[in-house]
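Okay, so here's the structure we're looking at.
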There are 2 protein chains.
Amino acid sequence: MSAYYTRNDRLYVAVDCVIFGLDHGRLSLLLTKRSFEPEAGKWSLMGGFVGREESVDEAAARVLHDLTGIADVYMHQVGTFGAVDRDPGERVISVAYSALVNIADVDSAAVAEHEAHWLPLDELPELGFDHPMMIERALASLRRKFAVEPVAFRLLPPLFTLSQLQALYETVLGEGIDKRNFRKRVAEVESVVATDSIDKTGSRRGARLYRFDNDIYEQNLRFKI
Amino acid sequence: MSAYYTRNDRLYVAVDCVIFGLDHGRLSLLLTKRSFEPEAGKWSLMGGFVGREESVDEAAARVLHDLTGIADVYMHQVGTFGAVDRDPGERVISVAYSALVNIADVDSAAVAEHEAHWLPLDELPELGFDHPMMIERALASLRRKFAVEPVAFRLLPPLFTLSQLQALYETVLGEGIDKRNFRKRVAEVESVVATDSIDKTGSRRGARLYRFDNDIYEQNLRFKI
DNA sequence: TCAAAAGTGTTCAGGGTACACCCATGG
DNA sequence: CCATGGGTGTACCCTGAACACTTTTGA
C-alpha cells in the first residue's frame, strides 16, 4: 500500500439498487422499510457499502444477491450521486444501479428476511435520501433501453403472451400502442418465437405463448454488421 | 459527525474529465502528460480527488476550472469506474465526466502550466489507467447526445459556417452526410439563425456565418409539450 | 481563367400510423 | 348465448435518402 494520495480524503462509497419487476402485470420496485438510522421507518432502495476488496459493480451484484438470491442479474449503472449532504448521517457517495428481474426467480425467504416488498411504480410511498431521484433516473434509462435493446424479456417469465408483452411496453413507455401495429412489429422480430403452448389463465379463449430466443437475437445482430 | 457506518471502508474517490474541443476542425481532447507517479510519463485525463466538503459534481467542475479557467461548462457524468486494481497505486474509485468546450475560451496559460495539450481523437497516444475506456464511453455518450440535444454549439465558436457545423457532425457521428440533406434539416431548425456576417477565411467565395439561439431553442421545446 | 468551397430542389421508397371487425371459449 | 380477451389487413402520409450542377471570387 503506497502513500501517493495520503493528503486526500477517503469517503464512504455505497451502491443502491433500483430493482424492477413485473408484479401481477404492474411494473414494480423491490423496496425495504428501513429498520435502522438514518431515515429509519422510511422506505428505501436496497443498498450497501463498497468494500476495499471488491469493485463497485461487484458490490452492487452482492447487494442484489443478498436480497433476492439471484446471481447473474442484468444490472447497469444509472449514475453516481455525490451531493455533500445526501446522507444525513455521514458523507456517503452512492452509485445507483438498475436491475431487471423476473419476480418468479426471487427467493421470497431472503426478501421476507429483509422486510422487502414489491411496490407498484405508480403508487410509491415516500422514500428516504435522494432515492426518488435515483428511481426517476433509472426509469428514464429503462425507457431508453426499451427502445434499443430486448430488455423487456428480463422482466417477463420465459413464456409470455403478446398481450403481456404489449402491456409491459405500454407501462414502460407510458403510452398506449395500437394492437395490430404492435403485433406487426413483433412478427418481424425473429427472436420472439411462438411456442405450441397456450395460456388459459388470462382469457377464456386462451392466448398463444411466446419465448425470447437470445441466440437468434445475437445472430441477427452480427448479421447487421 | 456520527458513527453509523464506522464498520465500513472509506475509499478515495476521484473525478476524471474527458474534455472535448474542436482544434483546427478536428475533434480533440485536452490531455496532460503525468509528471508524477503512478503512471508518470504517460498521457492521462485531467483528474482530481473529491474532498469531504464538496459534491462529486463540484469536484469535476473544480478540476475543469483549474485546468481551463472556464466556469459554467456543460458537463455530464459518463460513468463510475470502480475496479479494485484500476489505479496501480491505491484503491481509487473514479467518476468520469465529459465536458464540451469552445477552445477559444480556454485560458492557455493555465493549460500550459499543467503541461496539457489538445490531441486529436484519431491520433491519441497511449493513455494510463482505464482512461481509454472512459474516453470510449464519453464518445459513445457524445454521439447519443448529438442525436438528441443541440450540444454541437458548445464546441463551436459563437459564429460558425454550415460547413463547419456539418464537418463536426460528420466527425462525431463517424459518417459522411449529404450536404443538401444536411442544410435542408438545418434550415428547419429555427434556433440556428443566419447572420449578416461572412467568413472569408475558409474559402475565396466566403460563407455565411450562423449562430445558435438558445432562447429560440427553449421556446420551441416548450411548444412541443 | 481556374481552383476551391458555397450554395441550391426534386424524386422516390419504405416505415410508421390510423383504423374496425371476427374468433374462440368458459361460465 | 354472451362477455371477455385474442387475433387479423389495408390505405395513406410523411420522413429520410439519393442524386449534380451553378455560383462566387482570390490568386
Side-chain angles (χ1 to χ4, degrees), chain A residues 22 24-26 143-144 146-148 150 152 156-157 159-212 220 223-224, chain B residues 22 24-26 143-144 146-148 150 152 156-157 159-212 220 223-224:
Chain A
L22 208 53
H24 299 95
R26 304 177 76 182
R143 282 192 231 278
R144 227 179 304 126
F146 254 68
V148 184
L156 290 166
L159 295 180
F160 51 87
T161 68
L162 293 185
S163 296
Q164 287 173 332
L165 185 62
Q166 179 174 351
L168 175 54
Y169 269 88
E170 287 177 333
T171 310
V172 172
L173 302 180
E175 56 186 18
I177 306 176
D178 179 89
K179 189 165 38 158
R180 281 165 294 185
N181 292 337
F182 181 78
R183 285 169 185 244
K184 209 190 313 172
R185 242 179 294 156
V186 172
E188 284 160 7
V189 179
E190 291 179 43
S191 50
V192 179
V193 284
T195 70
D196 292 335
S197 313
I198 304 288
D199 170 78
K200 305 288 282 181
T201 62
S203 69
R204 309 205 194 288
R205 175 177 174 176
R208 181 169 296 278
L209 286 164
Y210 289 73
R211 67 186 175 81
F212 175 69
N220 289 356
F223 204 73
K224 278 179 199 161
Chain B
L22 209 53
H24 299 96
R26 304 176 76 183
R143 283 190 228 279
R144 226 178 304 125
F146 254 68
V148 183
L156 291 166
L159 295 181
F160 51 87
T161 68
L162 293 184
S163 296
Q164 287 172 333
L165 184 63
Q166 179 174 350
L168 175 55
Y169 269 88
E170 288 178 331
T171 309
V172 171
L173 302 180
E175 57 187 18
I177 306 175
D178 179 90
K179 188 165 40 158
R180 281 166 292 185
N181 290 339
F182 182 78
R183 284 169 185 244
K184 210 188 311 169
R185 241 179 294 156
V186 172
E188 283 160 8
V189 178
E190 291 179 43
S191 49
V192 179
V193 282
T195 70
D196 291 334
S197 313
I198 304 288
D199 170 78
K200 305 288 283 184
T201 63
S203 69
R204 309 206 193 289
R205 176 176 174 177
R208 181 168 296 276
L209 287 164
Y210 289 74
R211 66 187 176 81
F212 175 69
N220 289 356
F223 204 73
K224 279 181 196 162

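Order of the sequence lines fixes the chain letters, A, B, ..., with proteins taken first and strands second; residue numbering starts at 1 for each chain. Owing to the predicted nature of the structure, the values given are computational and were not obtained by experimental measurement.
- Protein atom CG of B:Asp199 is 13 Å distant from nucleotide atom P of D:dG26, rounded to whole Å.
- Judged by distance alone, with hydrogens and angles left aside, B:Lys179 brings a side-chain donor or acceptor within reach of the base of C:dG7, the pair sitting under 3.5 Å.
- Taking atom CZ on B:Arg185 and atom C1' on D:dT15, their separation rounds to 11 Å, with Å as the unit.
- Over its length, the helix from C:dT1-D:dA27 to C:dG27-D:dC1 turns its helix axis by 0°, as judged from the five terminal pairs at each end, rounded to 10°.
- Out of D:dG26, C:dG7, D:dA20, the shortest distance to the side chain of B:Arg180 is found at D:dA20.
- Here the C1' atom of nucleotide C:dG15 and the CD atom of A:Glu188 are 9 Å apart, to the nearest Å.
- Between A:Lys200 atom NZ and C:dA24 atom P there is a gap of 12 Å when expressed in whole angstrom units.
- One cannot find a donor-acceptor pair under 3.5 Å joining the base of C:dA24 and the side-chain atoms of A:Arg205.
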The test is side-chain contact (heavy atoms from CB on, under 4.5 Å); show your working for B:Arg180 and B:Lys184 and say whether it passes. CA-CA 6 Å; B:Arg180 281 166 292 185; B:Lys184 210 188 311 169; 5.6 Å; no

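- Residue whose closest nucleotide on DNA chain C sits further toward the 5' end, between A:Asp178 and A:Gly206: A:Asp178.
- Sorted by first then second residue, the ring-ring contact (aromatic ring centres under 6.0 Å, His included) pairs that include residues 181-211 of chain A, not counting sequence neighbours, are A:Tyr169-A:Phe182.
- Taking all atoms of both residues into account, the shortest heavy-atom contact from A:Ala152 to A:Leu165 is CB-CD1, 4.2 Å.
- Residue B:Arg144 holds its CZ atom at 13.0 Å from CG of B:Leu173, rounded to the nearest 0.5 Å.
- The separation between B:Leu165 atom CG and C:dA6 atom C1' is 15 Å, rounded to whole Å.
- Side-chain contact between A:Ile198 and A:Leu209: absent, with no pair of heavy atoms (C-beta onward) separated by less than 4.5 Å.
- Smallest separation of non-hydrogen atoms from B:Ile177 and B:Arg185: CG2-NH2, 4.0 Å.
- The side-chain heavy atoms of A:Ser163 and A:Arg183, taken from C-beta on, include a pair separated by under 4.5 Å.
- Proximity of A:Arg183 to the phosphate of D:dG7: a side-chain N or O atom is located under 4.0 Å from OP1 or OP2.
- Dashed line: the shortest gap from a side-chain N or O of B:Ser163 to OP1 or OP2 of C:dA6 is under 4.0 Å.
- In this structure, A:Tyr169 atom OH and C:dG16 atom P are separated by 14 Å, rounded to whole Å.
- Contact annotation: B:Lys184 does not reach the phosphate of C:dG9 (side-chain N/O to OP1 or OP2, under 4.0 Å).
- One can place CZ of B:Arg204 at 8 Å from P of C:dA5, the figure rounded to the nearest angstrom.
- Rounded to an integer number of Å, the gap from CG of B:Leu162 to P of C:dG7 is 6 Å.
- In this structure, B:Asn181 and B:Gln164 both approach DNA chain C, and ranking their closest nucleotides by distance from the 5' end singles out B:Gln164.
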